[in-house]
Number of protein chains: 2
Amino acid sequence: MRETQTAAEARPYHHGDLRRALVDAARRILEAEGPTALSLRAVAREAGVSPAAPYHHFKDKAELLDAVADEGWQILSTGMTKAKADAEPRSKLNAIGIAYVCFARENPALYRVMYDAARDKEALPAQMQDNKDSAYCKVRDTMIELGADPAAATDLELATTAAWCAAHGLAEMAGFKQFDHLKAELGGEVPFLRAVLAHLGLFPHGKPD
Amino acid sequence: MRETQTAAEARPYHHGDLRRALVDAARRILEAEGPTALSLRAVAREAGVSPAAPYHHFKDKAELLDAVADEGWQILSTGMTKAKADAEPRSKLNAIGIAYVCFARENPALYRVMYDAARDKEALPAQMQDNKDSAYCKVRDTMIELGADPAAATDLELATTAAWCAAHGLAEMAGFKQFDHLKAELGGEVPFLRAVLAHLGLFPHGKPD
DNA sequence: AAGATATCTTTACGTCGTCCAGATATCGAT
DNA sequence: ATCGATATCTGGACGACGTAAAGATATCTT
């Protein structure tokens, strides 16, 4: 390799890592102009390549969006991990839920891409359940720490699923203007989120805080 | 010139009620081929008119989809009303929730159009809150019947919002394959839905059933 | 009956996702 | 180092899409 390729400036003949660049370009467009502006051609344009170039790295548009969504799930997952670590033992589940919803609220376009992809294939990404420290397992383990019975497998899964439903439902509802006055009344978005979560019985043994 | 077109009837010179026919055509496509196949041109084709004809009845594609979504909200609303009427007093809220989720599960494409429209304008349709027997008010009133304090306005709104979050979150999650084994384990979809709802504390004074 | 108006068609433009045929750069084996 | 194989990118093309403008045709008003 003769040309020193510094990250962003020098354009190699074969663009060092176009796959990466495309995902980044997609996220930039997503944040700047929203999901409706996210076309394959726009992504290629933003990355400075021809409209057909992405096809050497992704089977089709959906596969590109999958890569963007995957990054979203990873960011969400690390956010949940951090929130759990920073919280008092009895508040951990609550903190994870708040972190989940806050991610959705701060990255609405990305969150939508994530769930649009999931709805299209009628399945959440496998990584959310499979590995030991997936987001799903994180919630489930926290349930156990809060007093849920690890032996009651089905009930534990139901509780975890319920928590996920609550977080996702709240994440989407919080994006609708109808709830603005409630947010104002309670003094901000996070207090509103906490208040709604308090109404959803996610805590196996008593409420947090 | 009288030519018979796609659906069932001879076409008048000026197509009696094209607006209605377009919404019906859209719903037919939606059910048969899913949301991705729902293009303005396809709807016009299905209704047997030219691609530009819909523009005399709708400002653009989004407005057509709004009309489809509106019909969805109405169907959902009457389903909730019926479910409430048919249930024992203490089970009414639960019954409404189940009716909500079942509608979403039985009409996944329509449900998606409804929420896609809402997400686009970042607001649920006004009809869901405004009039006295809107779906929102129905849930809220049921909360009161179950023992919630009508004077605690904010808390009542929060409880209603929480119920909506739970129902929507569950409706979407139930569409993902990840939960198939739980459904099987519990003996069907509705038992699964009931079991998850049982984990979400939506009942002001004690649990139903 | 006649003009005004509403409804529908035709044609056209720009954008999109995707494919294909070349061009160009990198890599593997000699 | 040379050279063919392979990976990567460009350019052009196709059909489908959303939409606008202008022309045709039916209904309404008077």
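Values reported hereafter were calculated over all heavy atoms of this structure, with side chains retained and with hydrogens, waters and symmetry mates removed. Only a predicted model underlies this, so the values are computations on that prediction, with no experimental measurement involved. In the text below, chain A, chain B and the rest are named by the order of the sequence lines, each starting its count at 1.
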Mind listing the N/O atom pairs, protein and nucleotides 14-16 of chain D, below 3.5 Å?
none

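The pair A/Asp24-A/Arg28 does not count as a salt bridge, with every side-chain nitrogen at least 4.0 angstrom from each carboxylate oxygen. A salt bridge links A/Asp120 to B/Arg112: one of the charged nitrogens lies within less than 4.0 Å of a carboxylate oxygen.
Legend: side-chain hydrogen bond (donor to acceptor under 3.5 Å, both in side chains) pairs involving residues 55-73 of chain B, not counting sequence neighbours, sorted by first then second residue: B/Arg20-B/Glu71, B/Arg27-B/Glu71, B/Asp66-B/Lys121.
No donor-acceptor pair under 3.5 Å is formed between the side chain of B/Lys183 and the backbone N or O of B/Phe192.
Summarising the geometry, the separation between CD on A/Glu33 and P on C/dT15 is reported as 14 Å, rounded to the nearest angstrom. Straight-line distance from the CG atom of B/Leu22 to the C1' atom of C/dT7: 12 Å, rounded to whole Å. Atom CG of A/Leu38 and atom C1' of C/dC16 are 13 Å apart (whole Å).
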Please lay out, stage by stage, how A/Glu145 and A/Arg140 fare under the test salt bridge (charged side-chain N to carboxylate O under 4.0 Å, His left out). CA-CA 9 Å; A/Glu145 293 168 27; A/Arg140 194 201 50 196; over 6 Å; no
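Partners of A/Asn131 according to the side chain to side chain contact (heavy atoms under 4.5 Å, CB included) rule, which considers only residues two or more places apart in sequence or in another chain, are A/Gln127, A/Asp133, A/Ser134. Residues satisfying the side chain to side chain contact (heavy atoms under 4.5 Å, CB included) test with B/Ala162, not counting sequence neighbours, are A/Val196, A/His199, A/Leu200.
Of the residues in residues 55-72 of chain B, those placing a heavy atom less than 4.0 Å from an atom of DNA chain D are B/Tyr55, B/Asp60, B/Lys61, in numerical order.
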N/O donor-acceptor pairs under 3.5 Å from side chains in residues 164-175 of chain B, not counting sequence neighbours:
unit_1   : atom_1 : unit_2   : atom_2 : d
B/Trp164 : NE1    : B/Tyr115 : OH     : 3.2
B/His168 : ND1    : B/Tyr111 : OH     : 2.6
B/His168 : NE2    : A/Glu172 : OE1    : 2.5
B/Glu172 : OE1    : A/Arg119 : NH1    : 2.7
B/Glu172 : OE1    : A/His168 : NE2    : 2.5
B/Glu172 : OE2    : A/Arg119 : NH1    : 2.8

